Amino acid sequence: MARTGLHGGNRLASNSLLEAVVSGEAAAADLIGDTWRAGGDVAAADQESLRAAGEAPGPALDEVRQVLESSCGVLRTAHDLRAAVDRLDAWTQDDAAYVGWLIARSALADPRSVGAHRRVDTTAAGSAA
């Protein structure tokens, strides 16, 4: 185990293997004086989606969690994801709400079932039902 803390205390056993590979690659690059970045080039942020921090107070963190839990859980639908995007849109001046909004918006944009979540409103081919 690499014990870098990348995955926190709630990590899966398989994550420690990934952690060891990534940390090992970064350490090797550092030893030879190379600059290393995980994931390669990162695409620039969509300027239209960026928001300046506002003066209005944001929602309670529990409220943001509830929206994400009810809409962005393991089983997802476009309707629920759209509702989450719309609900969180008014609060994007708050950091937690903004991250939640980005998660919901990204999930809505990609209807594929991958990883630990499943879109229940799409067919196996990935098109909307």
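Everything numeric here is computed off the predicted structure, so don't read it as measured data.
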To the nearest 0.5 Å, what is the distance between [atom1] on [X] and [atom2] on [Y]?
X: Leu108; Y: Ser71; atom1: CG; atom2: OG; value: 10.5 Å
X: Leu88; Y: Leu102; atom1: CG; atom2: CG; value: 10.0 Å
X: Arg105; Y: Asp89; atom1: CZ; atom2: CG; value: 9.5 Å

* Asked: How far apart are the C-alpha atoms of Arg119 and Leu81, what are their side-chain angles, what is the distance that settles it, and do they pass the side chain to side chain contact (heavy atoms under 4.5 Å, CB included) test?
  -> CA-CA 10 Å; Arg119 282 290 294 268; Leu81 292 168; 3.8 Å; yes
* Return each pair, listed once, that meets salt bridge (charged side-chain N to carboxylate O under 4.0 Å, His left out) where at least one residue sits in residues 63-78; pairs must be two or more places apart or across chains. =>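 Passing the test, one end in residues 63-78: Asp62-Arg65, Glu63-Arg87.
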* Compare every heavy atom of Val85 with every heavy atom of Trp101, then report the nearest pair and how far apart it is. =>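 In this case the closest contact between Trp101 and Val85 is CD1-O, 3.4 Å.
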* Asked: Between Asp94 (side chain) and Pro59 (backbone), is there a donor-acceptor pair under 3.5 Å?
  ->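 No, Asp94 side chain to Pro59 backbone: no donor-acceptor pair under 3.5 Å.
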* **Other ILVMFWY residues reachable from Val99 by side-chain steps of under 4.5 Å** =>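 Traced through the cluster, Val99 reaches Ile103.
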* Set of residues satisfying salt bridge (Lys or Arg N to Asp or Glu O under 4.0 Å) with respect to Asp86, sequence neighbours excluded ->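 Counting only residues at least two positions away or on another chain, Asp86 forms a salt bridge (Lys or Arg N to Asp or Glu O under 4.0 Å) with Arg82.
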